[in-house]
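Sequence positions, counted from 1, serve as the residue numbers for this chain. Order of listing sets the numbers, starting from 1, for every ligand and every atom in it. What you see is a predicted model, and the numbers here were worked out from it, not measured in a lab.
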Amino acid sequence: MAIDFTLSPELEDLRLRVRDFIQNVVKPGEENIGDPDKIERSDYLRILLQMRSEARAAGLWLPHMPAEWGGMGLGHVQLAMVQAEAAKAYYGPWVMNCQAPDEGNMHTLLHWATDAQKEQYLRPLCDGVVMSCFAMTEPEVAGSDPTLIQTRARLVGDDWVINGHKWFISNARRASFAILIARTEDDPERPQAANTGFIVDIPSDGWKRVREVETMHGASGHSEIVIENLRVPRANMLGERGQGHRLGQYRLGPARLAHCMRWIAQAETALDMMVDRSLKRFAHGSLLAEKQGIQWMIADSTMELYQAKLMVLHAAYRIDRGLDFISEVSMAKHFVANALGRIIDRSIQVHGALGYSTDTPLAHMYQHARWARFADGADEVHQMRIAQRTIAAYRDHGTTKTATGSLPL
Ligand SMILES: Cc1cc2nc3c(=O)[nH]c(=O)nc-3n(C[C@H](O)[C@H](O)[C@H](O)COP(=O)(O)OP(=O)(O)OC[C@H]3O[C@@H](n4cnc5c(N)ncnc54)[C@H](O)[C@@H]3O)c2cc1C
């Protein structure tokens with residue numbers, strides 16, 4: 001067997017092109033934007049759209065989509081290189097049109113939508129002329145358990161009539177359509193087969209955005225939505241009746257891993273900053289970098305980032321090979337989300353008061369990193385599933401070997 005971590009010359013070239021683009025186009029663009037709350041809206045949009053058109057001109061557009069949809073047609077291992085470079089800048093993934101939740105929605109539509117739905121919704125999303133959102137979580141019931149979803153869709157004539165309540169719907173205020181998950185089945189064969197996906201045009205009568213939920217990183221586009229007698233044509237059902245859970249799961253595999261790829265970029269930035277600061281700050285007779293307490297923080301962060309990279313690469317490899325990847329993505333998502341928080345936290349510690357200030361990006365990164373531990377699957381839910389699979393592997397094979405990535409070790 002071949003285990004080879006060297007990149008092909010083409011992939012190495014691509015990686016360097018993305019790095020170059022982020023460094024020379026996106027980071028200067030971000031500097032021009034400065035504080036997005038203070039810049040004129042028209043200037044803000046002009047800078048963002050200019051960066052997008054440069055990305056398209058450079059062939060760095062839609063890395064995750066096939067060529068027939070205007071994308072770069074990359075596999076998941078290749079995508080890991082691109083996302084990990086793109087997310088070195090805050091707007092990098094958005095500029096290259098591979099940001100959440102649009103990216104996950106594109107995968108979902110590509111796999112589940114009819115040809116007509118693809119032309120109407122996927123095409124403009126790929127062209128970057130519209131945005132989208134994904135509406136599943138509800139305030140009244142645990143988002144960790146989609147079998148509890150209460151938003152209800154009933155077929156009345158040729159329309160689905162939907163009533164319910166959603167919140168934390170990222171991007172809803174900018175979206176032209178939502179992929180909405182609602183309960184359609186009263187008595188499903190399995191609890192997981194109660195829900196169905198729908199494509200909802202925004203604006204629509206009956207889709208009411210009542211507020212932006214204020215979070216620990218501000219009110220940054222996560223909306224609460226009240227759904228009252230929303231009529232959705234039968235043709236806008238996504239997938240089959242009762243496939244809403246499968247659709248969500250399908251979406252979350254690659255989308256979770258894409259989050260991990262972007263978090264690796266953030267963790268690497270935090271570690272780079274930690275080391276840089278330790279080489280410049282002097283206290284009690286030596287540089288911070290020379291103190292064992294600081295070296296332990298650097299060492300722990302280095303080991304965790306290394307593990308994170310290997311887990312993401314291996315999960316991506318399994319997706320590319322058509323192998324079962326659920327457990328590997330789950331383990332990667334849990335590990336990388338937690339490593340990210342720890343590495344940023346240590347970097348803040350090494351920066352002292354500066355790290356707590358907003359003069360560096362660390363405080364902002366820390367606030368964002370916190371949601372990583374429960375969005376797209378809370379830590380404990382991933383742990384529950386990982387443990388179930390490990391126990392099942394032992395029961396079936398007398399060993400846990402297959403539960404640890406089926407690696408030849
Ligand atoms: C920034 C952000 C963006 C989001 N964007 C979207 C979006 O665009 N669309 C959308 O639909 N949702 C979105 N969400 C919601 C997110 O998917 C949910 O927060 C997540 O699914 C968890 O659901 P919940 O918040 O209801 O927590 P709950 O399900 O109530 O869980 C709370 C806690 O209970 C514990 N827990 C749950 N189950 C178990 C278990 N089996 N064993 C042990 N402990 C358990 C965990 O500690 C968990 O954190 C977003 C959330 C955030 C913070």
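Below 3.5 Å of separation, one finds an N or O of Gly143 facing an N or O of ligand 1. The shortest N or O to N or O distance between Met136 and ligand 1 is below 3.5 Å. Taking any N or O of Thr137, backbone or side chain, at least one lies under 3.5 Å from an N or O belonging to ligand 1.
With a 4.0 Å heavy-atom cut-off, ligand 1 is reached by no atom of Lys166. The proximity of Val381 to ligand 1, defined as any non-hydrogen pair under 4.0 Å, is limited to the side chain.
Taking the six-membered ring where the residue is Trp, His368 and His217 present parallel rings, their angle staying beneath 30° rather than reaching 60°. Ring pair Tyr317/His314 is parallel by interplanar angle, where below 30° counts as parallel and above 60° as perpendicular. Classification of the Trp371-His259 ring pair by plane angle, with boundaries at 30° and 60°, yields perpendicular.
Aromatic pair His364/Tyr90: ring centres closer than 6.0 Å.
In summary, of the residues considered (Met311, His334, Lys333), a side-chain contact (heavy atoms from CB on, under 4.5 Å) with Cys260 occurs for Lys333 alone. For the side-chain contact (heavy atoms from CB on, under 4.5 Å) with Met106, the qualifying choice from Asp102, Thr108, Leu109 is Asp102, the only one to do so.
Counting only non-hydrogen atoms, the option in Trp167, Phe374, Phe168, Phe134 that gets closest to atom 4 (C) of ligand 1 is Phe168. Considering each of His382, Glu380, Glu138, Met384, the one bringing a non-hydrogen atom nearest atom 44 (N) of ligand 1 is Glu380.
Applying the 4.0 Å criterion to heavy atoms of Ala378 picks out, from ligand 1, the atoms 46 (C), 48 (C), 49 (O). Using a 4.0 Å cut-off to heavy atoms of His222, the atoms of ligand 1 that qualify are 1 (C), 3 (C).
A side-chain donor-acceptor contact under 3.5 Å links Ser357 to the backbone of Leu354.
Within a 4.0 Å radius of atom 14 (N) of ligand 1, the protein contributes at least one heavy atom. Atom 36 (N) of ligand 1 is never approached by the protein to below 4.0 angstrom, counting heavy atoms only. For atom 33 (C) of ligand 1, no protein heavy-atom neighbour is found at a distance under 4.0 Å.
Here the protein heavy atom with the shortest distance to atom 8 (O) of ligand 1 is Ser170 N, 3.0 Å. Atom 31 (O) of ligand 1 has Ser144 OG, 3.4 Å as its closest protein atom, hydrogens excluded (heavy atom only).
The local environment of CZ in Arg321 is sparse, with at most 12 non-hydrogen atoms from other residues, nucleotides or ligands closer than 6.0 Å.
Salt bridge annotation for Asp276-Lys280: present, with a cationic side-chain nitrogen under 4.0 angstrom from a carboxylate oxygen.
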